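Values in this document were obtained by computation on a predicted structure and should not be read as measured data.
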Amino acid sequence: MKNIYYLFLLITPIFAACTGKASEENTNPKAIGNIVPVIPETLSKGLIAHGSLDRWRSFHTLSFELVTPTNTQLQLIDLDSRKLLITDSLYTLGYNGDQVWVSPDLEAFGESSARFYHNLYFYFFSIPYVLADPGIVYDDLGTQTIGDKEYNAIKISYSENIGDSPEDFYVAHFNLETGLMEVLLYTVTYYSKESHEKYNALVYDWQEVNGLQVTKSIKGYKYDSGKLGDLRYEAVFDQVMLSKDMQPDSLFSIPNNFEIDSLTTN
């Protein structure tokens, strides 16, 4: 059965909690409670290089075609609520802000977790902007080398109870000259719930949409001690659209024929 599920099994990536002056990028206006985390300078400059966090946050709807060697599917996301609708040839998957559902049933999706998958590519696509989300903890690592190239690196972790996998880590690597993010290291803890630092790597290519540098493609590699290993998978983001229009809640409502995929992974 041709399904993105096969690629999903190969990559087992992370499920996470998805131009201006530098001073405009140094705080997170969506902070939790009275705590306003300060965005590190490297990330602040990176956000400006990508077109600015303010510009990203001016849009309310994102859509793209996710193209893999075996499949193409359409994803549509409400950027304010992170509600989501994925249209695949074999199923429709949605997130209504609380529950992840699949129509006609979970069998159509495959044997893995639809909840794990639902915002996987939205999050990968939306980096570095989502690295300024609430509940993030930053650790500026200075310069790090991958292969024979140096980058400015920021480690990302999450406050307790943020998302389904608060134990996850990212390390974002920004080009020293352009400020664009080029390599992302990530861990996977959704199933084990155990924090670790065994990283995989994503290498990014960019395209300009509405004045923003957004993801054109990602290539997944094995990673060990500053070196990229074998290429494991590739995904392309085509027909990317950012809109200031808002989507009706009814678009993400659970249909009549559906199954819910809970957070439980056992």
Side-chain angles (χ1 to χ4, degrees), residues 11 13-14 16 18-28 37-59 62 64 120-133 136-158 168-187 197 199-238 240 242:
I11 65 179
I14 185 174
C18 347
T19 302
K21 298 179 181 178
S23 60
E24 294 174 349
E25 304 285 359
N26 65 3
T27 60
N28 183 354
V38 176
I39 296 176
E41 182 180 5
T42 293
L43 177 56
S44 178
K45 289 181 177 179
L47 290 166
I48 292 171
H50 279 268
S52 103
L53 183 60
D54 287 341
R55 182 185 291 272
W56 168 262
R57 286 178 171 166
S58 72
F59 296 102
L62 164 70
F64 54 79
L120 187 68
Y121 283 98
F122 159 70
Y123 206 85
F124 281 155
F125 173 88
S126 301
I127 286 174
Y129 311 106
V130 291
L131 298 184
D133 277 358
I136 286 180
V137 178
Y138 303 104
D139 184 8
D140 192 331
L141 302 180
T143 58
Q144 288 195 337
T145 301
I146 296 180
D148 58 357
K149 189 170 182 178
E150 280 195 338
Y151 299 92
N152 287 322
I154 297 291
K155 183 178 179 180
I156 304 296
S157 57
Y158 295 86
D168 285 332
F169 296 122
Y170 293 109
V171 183
H173 293 75
F174 295 85
N175 185 291
L176 297 180
E177 295 181 359
T178 68
L180 296 177
M181 198 202 75
E182 292 186 356
V183 181
L184 181 75
L185 307 184
Y186 65 90
T187 65
E197 296 200 40
Y199 290 102
N200 294 303
L202 289 176
V203 175
Y204 276 73
D205 189 20
W206 303 100
Q207 60 185 315
E208 183 173 344
V209 177
N210 291 38
L212 293 168
Q213 292 295 321
V214 299
T215 308
K216 180 179 180 180
S217 68
I218 53 175
K219 293 182 179 179
Y221 292 87
K222 294 181 179 180
Y223 176 83
D224 184 34
S225 303
K227 296 182 180 180
L228 298 179
D230 295 337
L231 177 66
R232 302 172 65 203
Y233 61 93
E234 182 175 9
V236 175
F237 298 87
D238 201 2
V240 177
L242 284 161

Given 3.5 Å as the limit, does a donor-acceptor pair link the side chain of [X] with the main chain of [Y], or not?
X	Y	answer
S58	R55	yes
S126	F122	yes
Y129	A132	no

So do [Y] and [X] actually touch side chain to side chain, heavy atoms under 4.5 Å?
X	Y	answer
Y221	N200	no
D238	F64	no
L62	V240	yes

Could you tell me which non-hydrogen atom of [X] sits nearest to which non-hydrogen atom of [Y], and how far apart they are?
X	Y	value
F174	G179	CD2-O, 3.2 Å
Y233	L202	OH-CD2, 3.0 Å
F169	T187	N-OG1, 2.9 Å

* E150/L176 under side-chain contact (heavy atoms from CB on, under 4.5 Å): CA gap, chis, key distance, verdict -> CA-CA 7 Å; E150 280 195 338; L176 297 180; 3.9 Å; yes
* Just grab all the side chain to side chain donor-acceptor pair (under 3.5 Å) pairs involving residues 139-148, residues at least two apart or on different chains. =>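 Every pair satisfying side chain to side chain donor-acceptor pair (under 3.5 Å) with a residue in residues 139-148: Q144-H173.
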Roughly how far apart are [X] [atom1] and [Y] [atom2], rounded to 0.5 Å?
X	Y	atom1	atom2	result
M181	T42	CE	OG1	13.5 Å
D205	E234	CG	CD	9.0 Å
I156	L131	CD1	CG	5.0 Å

Under 3.5 Å, sequence neighbours excluded: what are the donor-acceptor pairs made by side chains of residues 207-220?
residue: Q207; atom: NE2; partner: T215; partner atom: O; Å: 2.9
residue: Q207; atom: NE2; partner: F237; partner atom: O; Å: 3.0
residue: N210; atom: ND2; partner: L242; partner atom: O; Å: 3.3
residue: T215; atom: OG1; partner: F125; partner atom: O; Å: 2.8

* Qualifying residues under ring-ring contact (aromatic ring centres under 6.0 Å, His included), relative to Y204, sequence neighbours excluded ->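 If we apply the ring-ring contact (aromatic ring centres under 6.0 Å, His included) test to Y204, skipping adjacent residues, the hits are W206.
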* To do: Report the residue from L185, I154, L184 that forms a side chain to side chain contact (heavy atoms under 4.5 Å, CB included) with V171.
  =>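 Option passing the side chain to side chain contact (heavy atoms under 4.5 Å, CB included) with V171: L185.
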* Hey, do the aromatic rings of Y186 and F124 have their centres closer than 6.0 Å? ->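 Yes: the rings meet the under 6.0 Å criterion.
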* **Those residues that, when tested against H50, pass side-chain hydrogen bond (donor to acceptor under 3.5 Å, both in side chains) (two or more places apart)** =>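 Once residues adjacent in sequence are excluded, H50 has no partner under the side-chain hydrogen bond (donor to acceptor under 3.5 Å, both in side chains) criterion.
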* Results of side-chain hydrogen bond (donor to acceptor under 3.5 Å, both in side chains) for Y151 - residues two or more places apart only ->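 Partners of Y151 by the side-chain hydrogen bond (donor to acceptor under 3.5 Å, both in side chains) criterion, ordered by chain and then number, come out as E182.
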